[in-house]
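One structure is given below, encoded as structure tokens.
Excluded from the calculations below are hydrogen atoms, water molecules and symmetry mates; all remaining heavy atoms, backbone and side chain alike, are included. Because the structure is a prediction, the values reported are computed rather than measured.
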Amino acid sequence: MAIALKEAMAALRQDEVPVGAVIVKNGSVIAKAHNQVEMLQDPTAHAEILAIGAAANHLGNRRIEGCTLYVTLEPCPMCAGALVLSRIDRIVFGSYDPKMGACSTLYNIVQDDRLNHRIEVIAGVMDTESSSLLKDFFARKREQ
């Protein structure tokens with residue numbers, strides 16, 4: 001999660017919503033990313049989506065089974081759906097997202113029994129650090 005926080009800080013330096021993601025397989029980082037929505041002018045350029053693509057490329061497979069995603073903010077519905085499709089094993093996230101969270105807060109897409117894949121979720125890891133970055137970012141935005 002510390003690496004995901006470093007990625008979130010990279011997003012912050014680029015004036016992006018500070019969310020970072022890291023994908024690990026067998027104890028090794030195989031992908032990392034941060035939000036690039038503004039820089040790329042792409043609404044799908046969330047940290048999780050970019051990390052999933054990098055991990056799939058690294059593995060040479062659209063399925064990233066046996067992997068864990070560490071992300072500083074609870075994934076949104078788009079990212080949760082992509083994570084289910086990727087067949088990732090586990091999501092570890094920092095802050096809950098009361099407005100868009102799709103891994104427990106508003107929805108629980110990743111553990112929906114109606115879908116063909118379910119993902120283990122571990123929530124609240126380094127929540128204080130993750131939420132502080134987000135709160136500071138949005139406070140500055142409101143001041144501007």
Side-chain angles (χ1 to χ4, degrees), residues 1-40 42-141:
M1 186 62 87
I3 298 169
L5 278 166
K6 285 181 183 177
E7 285 294 315
M9 292 194 292
L12 185 65
R13 287 190 296 276
Q14 296 174 348
D15 202 31
E16 296 276 357
V17 176
V19 176
V22 174
I23 296 179
V24 174
K25 183 169 181 131
N26 299 326
S28 296
V29 173
I30 63 166
K32 57 185 178 177
H34 56 271
N35 275 2
Q36 295 183 41
V37 171
E38 298 301 328
M39 185 174 80
L40 298 176
D42 179 353
T44 68
H46 289 198
E48 301 95 319
I49 298 294
L50 298 172
I52 291 167
N57 186 54
H58 175 83
L59 296 173
N61 194 328
R62 67 181 178 86
R63 292 186 174 176
I64 55 173
E65 297 165 317
C67 294
T68 298
L69 168 75
Y70 294 88
V71 62
T72 57
L73 181 65
E74 179 182 3
C76 72
M78 173 184 69
C79 294
L83 288 159
V84 169
L85 292 172
S86 78
R87 305 294 195 275
I88 200 163
D89 290 2
R90 184 177 307 101
I91 299 167
V92 179
F93 72 82
S95 297
Y96 289 90
D97 187 348
K99 296 190 184 224
M100 290 292 285
C103 295
S104 67
T105 304
L106 290 180
Y107 309 101
N108 196 352
I109 292 169
V110 300
Q111 295 178 331
D112 190 319
D113 288 334
R114 296 169 294 180
L115 300 176
N116 64 344
H117 179 72
R118 279 158 294 293
I119 303 169
E120 177 187 356
V121 175
I122 300 169
V125 176
M126 298 183 81
D127 174 37
T128 303
E129 297 86 344
S130 298
S131 61
S132 290
L133 278 176
L134 289 160
K135 286 176 186 174
D136 292 347
F137 173 80
F138 286 112
R140 279 200 331 271
K141 284 292 181 187

Query raised in the report: Quick check: are there more than 12 heavy atoms from other residues, nucleotides or ligands sitting under 6.0 Å from CG of L85?
Result: yes

Query raised in the report: Is there a side-chain contact between P77 and M100 (heavy atoms, below 4.5 Å)?
Result: yes

Report task. With rounding to the nearest 0.5 Å, note down the distance linking CG in N57 to CD1 in I64. Result -> 12.0 Å

Query raised in the report: Taking E48 for the side chain and L83 for the main chain, is one N or O donor matched with an acceptor at less than 3.5 Å?
Result: no

Report summary line: Rounding to 0.5 Å, atoms SG (C79) and CG (L69) come to a distance of 9.0 Å

Query - Any H46 side-chain heavy atom under 4.5 Å of V71 side chain - result: no

**Report entry** Pairs where residues 99-115 contributes a residue and the test salt bridge (charged side-chain N to carboxylate O under 4.0 Å, His left out) is met, not counting sequence neighbours
**Finding:** D112-R114, D113-R118

Query raised in the report: If you measure from CD1 on I3 to CD1 on I23, what distance do you get to the nearest 0.5 Å?
Result: 12.5 Å

Query raised in the report: Going by atom types only, do T44 and D42 share a side-chain donor-acceptor pair under 3.5 Å?
Result: yes

Requested in this report: Output the distance between atom SG (C67) and atom CG (N26), rounded to the nearest 0.5 Å.
Outcome: 8.0 Å

Query raised in the report: Are the side chain of E74 and the backbone N or O of C103 linked by a donor-acceptor pair below 3.5 Å?
Result: yes

Query raised in the report: Nearest heavy-atom pair of V19 and T72: which atoms, and what distance?
Result: CA-OG1, 3.3 Å

Query raised in the report: When rounded to the nearest 0.5 angstrom, what is the spacing between OH in Y70 and CD1 in I91?
Result: 12.0 Å

Query raised in the report: Can you name the nearest heavy-atom pair linking H117 to I88, along with the distance?
Result: NE2-O, 2.8 Å

Query raised in the report: For the residue pair P43 and V37, what are the closest heavy atoms and their distance?
Result: CA-CG1, 4.1 Å

Query raised in the report: Under the 3.5 angstrom rule, does the side chain of N35 hit a backbone N or O of A47 as a donor-acceptor pair?
Result: yes

Query raised in the report: Can you name the nearest heavy-atom pair linking L115 to I109, along with the distance?
Result: CD1-O, 3.3 Å

Query - Nearest non-hydrogen partners of I30 and A55, listed with the distance - result: CD1-CB, 3.8 Å

Report task. Sequence neighbours left out, what pairs pass salt bridge (charged side-chain N to carboxylate O under 4.0 Å, His left out) with at least one residue falling in residues 21-38? Result -> none

Query raised in the report: How would you list, by chain and number, every residue that makes a ring-ring contact (aromatic ring centres under 6.0 Å, His included) with F137, sequence neighbours excluded?
Result: none

Requested in this report: Please collect all side chain to side chain donor-acceptor pair (under 3.5 Å) contacts where either partner lies in residues 88-98, sequence neighbours excluded, each pair once.
Outcome: T68-R90, R90-E120, S95-D127

**Report entry** Summary of salt bridge (charged side-chain N to carboxylate O under 4.0 Å, His left out) pairs that have at least one residue in residues 50-69, sequence neighbours excluded
**Finding:** none

Report summary line: Taken to the nearest 0.5 Å, the spacing of L133 CG from L5 CG works out to 6.5 Å

Query raised in the report: Can you name the closest pair of heavy atoms from G94 and S130 and give their distance?
Result: CA-OG, 3.9 Å

Query - side chain to side chain donor-acceptor pair (under 3.5 Å) pairs, two or more places apart, involving residues 9-23 - result: Q14-H34, D15-K141

